[in-house]
Asker: 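This is the structure I want to talk about, given as structure tokens.
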Amino acid sequence: NFELVQKGITEFFRTGTKASYFTEALKSYQLPHVLREHMEKVYDNEEICILCSLIFDLVVDERKQGVTKESLVEMVEYVCVSLGIENERVCHGAINLNADILIYIVDNYPDIPASRLCGSVLQAFGCPTGDGFDWSINLPSGNSPERPKPNDSNAQSFQILQLSDIHYDPNYKPYGKADCGEPVCCQEDQGEGASAETSCGYWSDYRDADVPWYLVEETVRQTKTHEFDYVYYTGDIISHRVWQTTVENNTKTISKLYSYFKDSFDVPVFPIFGNHEPHPLNVWPDDQLQDDTLSVKWLFELAAEKWSNLIGEDVKETVLKGGYYSVSPRPGFRIIGVNGNLCYTDNWWLIYDDVDPFNQLQWLADTLKLAEDNNESVHILTHVPTGDISCLQVWSREYRRIVERFANTITGQFNGHTHRDEFHVYYNSSEPTQAVGVAFNGASVTPYSSSNPSYKVYHVDQSTYTLLDYEEWTFNLTLANSQPVSETPSWYKLYSFIEAYGANNLQPAEVDKVLYKMAENHSLLDDYFRFYFRDGDDGIKNGCSETCHKENLCDIAKAQFGDHTQCNYFME
């Protein structure tokens with residue numbers, strides 16, 4: 001049927017005819033949720049790449065023939081619904097939100113090849129990239145100078161709280177429909193659950209649900225039972241109602257959370273953007289774009305004001321340029337907030353121009369060189385992990401080069417985005433068994449995709465600013481939802497890294513030893529799997545097979561997308 005579907009789509013775009021053989025073929029050729037995450041494990045990737053190229057080429061050809069945006073939107077919507085990719089209102093909403101961007105790109109990029117779109121947006125499916133997506137930044141010569149190491153037995157420390165991926169949902173409906181089939185469930189306009197089993201919980205739900213405001217308040221209340229000097233917020237405030245965002249609603253939601261942080265925490269808060277903050281989500285147009293209707297200037301201006309207020313220092317200059325900043329909250333210590341969403345493959349603007357957007361990576365390298373010269377230790381906050389399948393390969397490679405060059409200056413890296421408790425180890429490309437960096441993920445407050453809500457508290461050496469340990473705190477969502485709503489969730493310490501894995505601290509060389517232990521002692525991989533979902537009942541119910549363990553170990557050892565060197569090493 002694949003050949004008939006290709007033929008039918010071509011005929012439909014060329015003539016507007018929905019041939020009977022085409023509608024018949026569509027009955028047995030469906031691609032539900034193909035554009036959601038991790039679907040490369042579900043579908044025939046080659047077929048998906050062929051379909052992507054076909055549809056994009058048809059759109060470009062029809063546009064050259066003078067077909068209007070409205071007609072193209074109608075055609076793409078029909079294909080989206082007919083292939084079962086999403087339901088009618090999600091296809092309609094998402095396509096209309098993004099249509100102006102894609103039309104702009106098609107109109108302003110002469111002879112754009114399909115590989116520009118399919119090779120980036122569908123990187124996870126392995127679609128060919130053609131000759132594009134290859135560039136490099138300039139790094140200073142030399143190696144990262146040696147820095148003092150922490151004295152584990154006698155280290156003076158302070159604490160940092162990491163919160164990530166709250167995804168506050170103003171439309172959350174307790175006891176609403178949990179099996180809705182849309183990108184987010186438990187919405188006011190989706191109706192009630194048919195039974196107790198298909199109804200959303202009061203506090204939230206494992207089944208693609210986000211966070212009601214009272215869970216935001218409860219989480220912040222719980223975090224304040226700890227002592228900490230700083231808060232890192234590693235992005236994603238907006239819910240997964242991706243087909244119906246507006247600048248007005250995003251502004252309101254973002255402002256509400258930042259104001260609540262300011263009122264709740266009496267210490268500096270260091271936020272960064274998640275991919276959900278723009279409207280529409282994921283898109284970060286080039287700073288040379290002249291069309292204000294497509295700009296994210298509104299978001300940069302909002303953040304420039306709110307972040308300066310939360311941090312306690314003016315960060316407007318670089319935030320207005322590209323959503324990133326650098327501050328030194330105490331002598332010898334620097335925090336750099338990176339807009340890591342610029343590597344996210346769902347960012348349509350990478351099709352138009354992928355070369356170091358906003359000049360950010362070059363700025364990062366230059367800023368780290370100044371920190372190195374000033375003998376500063378640096379923590380980097382970035383939303384999308386660079387080893388993630390959805391981080392553009394060339395961006396991922398260049399970021400890794402930066403980590404390698406400034407390995408001893410960078411003493412901590414903090415990610416979000418995946419909603420998973422995971423970490424990634426960076427290795428020296430010229431000495432592949434030498435670990436040079438580690439990025440720790442803050443997991444998420446949202447239980448979206450099968451996890452329990454959580455946060456982390458890091459212990460940081462007061463003189464070297466290296467990470468000594470962290471604790472992760474969580475509560476069981478099933479249990480919390482089974483109790484009367486007047487009872488607050490029972491938070492508990494899930495684990496401490498050094499206790500769980502027998503490490504001395506969180507230095508790259510120590511974390512590297514943990515990977516060797518995991519390769520030999522698979523009970524540690526069982527623990528990692530549980531922590532990954534924070535013991536979320538829905539996430540851990542099927543257990544983790546040997547294949548699952550291998551994939552997890554590979555992911556830990558992979559900090560650059562597409563580089564399997566360390567993965568292969570640990571598999572052996």
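From a predicted model like this one, the values you see are computed outputs, not experimental measurements.
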Asker: Give me the ring orientation class for F531 and Y495: parallel if the planes are under 30° apart, tilted from 30 to 60°, perpendicular past 60°.
Answerer: parallel

Asker: Using distance alone, with no hydrogens and no angle criterion, decide if S496 and D469 have a side-chain donor and acceptor under 3.5 Å apart.
Answerer: yes

Asker: I'd like to know if the side chain of W307 pairs up with that of Y258 as donor and acceptor (distance under 3.5 Å, no hydrogens or angles considered).
Answerer: yes

Asker: Any side-chain donor-acceptor pair under 3.5 Å between D527 and Y501?
Answerer: no

Asker: How about T418 and N441: does a side-chain donor come under 3.5 Å of a side-chain acceptor?
Answerer: yes

Asker: Establish, from distance only, whether the side-chain atoms of N476 and D537 form a donor-acceptor pair under 3.5 Å.
Answerer: yes

Asker: For S157 and H459, does a side-chain donor sit closer than 3.5 Å to a side-chain acceptor?
Answerer: no

Asker: Could you tell me whether the side chains of E218 and W491 share a donor-acceptor contact shorter than 3.5 Å?
Answerer: yes

Asker: For K517, what residues pass the side-chain contact (heavy atoms from CB on, under 4.5 Å) criterion, not counting sequence neighbours?
Answerer: L524

Asker: Applying side chain to side chain contact (heavy atoms under 4.5 Å, CB included) between L361 and each of L342, V355, I402, report the one that passes.
Answerer: I402

Asker: Please test C554 against C567 for disulfide bond (SG atoms under 2.5 Å apart), starting from the C-alpha separation and ending with a verdict.
Answerer: CA-CA 4 Å; C554 267; C567 167; 1.9 Å; yes

Asker: What I want to check is whether the side chains of N452 and Y206 have a donor and an acceptor closer together than 3.5 Å.
Answerer: yes

Asker: Regarding R330 and the six-membered ring of F158, is the cationic atom NZ or CZ under 6.0 Å from the ring centre and inside 45° of its axis?
Answerer: yes

Asker: Can you confirm whether the side chains of T234 and Q162 place a donor and an acceptor under 3.5 Å from each other?
Answerer: yes

Asker: Can you tell me if Y214 uses its side chain to pair, donor with acceptor, with the backbone of Y202 under 3.5 Å?
Answerer: yes

Asker: So, R334 and S326: side-chain donor and acceptor under 3.5 Å apart, yes or no?
Answerer: yes

Asker: Can H549 and D526 be counted as having a side-chain donor-acceptor contact under 3.5 angstrom?
Answerer: yes

Asker: Going by the angle between their ring planes, with limits at 30° and 60°, are Y260 and W213 parallel, tilted or perpendicular?
Answerer: perpendicular

Asker: Does a side chain donor of either T466 or D461 reach within less than 3.5 Å of an acceptor in the other side chain?
Answerer: no

Asker: To the nearest 0.5 Å, what is the distance between OG1 on T409 and CD on E376?
Answerer: 9.0 Å

Asker: Can you classify the ring geometry of Y399 versus Y426 as parallel (below 30°), tilted (30 to 60°) or perpendicular (above 60°)?
Answerer: tilted

Asker: Please tell me whether D236 and Y448 have a donor and an acceptor in their side chains that are separated by less than 3.5 angstrom.
Answerer: no

Asker: In this structure, which one of R397, K558, R400 forms a side chain to side chain donor-acceptor pair (under 3.5 Å) with D563?
Answerer: R400

Asker: Between C343 and C391, is the SG gap short of 2.5 Å?
Answerer: yes

Asker: Under a plain distance cut-off of 3.5 Å, with no hydrogens placed, do Y344 and H383 share a side-chain donor-acceptor pair?
Answerer: no

Asker: Would you say S264 and R221 are linked by a side-chain donor-acceptor pair, where the criterion is simply a distance under 3.5 Å?
Answerer: no

Asker: Look up atom NE2 in H522 and atom CG in L553, then write down how far apart they are to the nearest 0.5 Å.
Answerer: 8.0 Å

Asker: Atom CG in L35, atom CE in M39: separation rounded to 0.5 Å?
Answerer: 10.0 Å

Asker: Would you tell me whether W284 and N341 have side-chain atoms, one donor and one acceptor, within less than 3.5 Å of each other?
Answerer: no

Asker: Walk me through it: do Y455 and H226 pass the test ring-ring contact (aromatic ring centres under 6.0 Å, His included)?
Answerer: CA-CA 11 Å; Y455 63 87; H226 305 274; 5.5 Å; yes

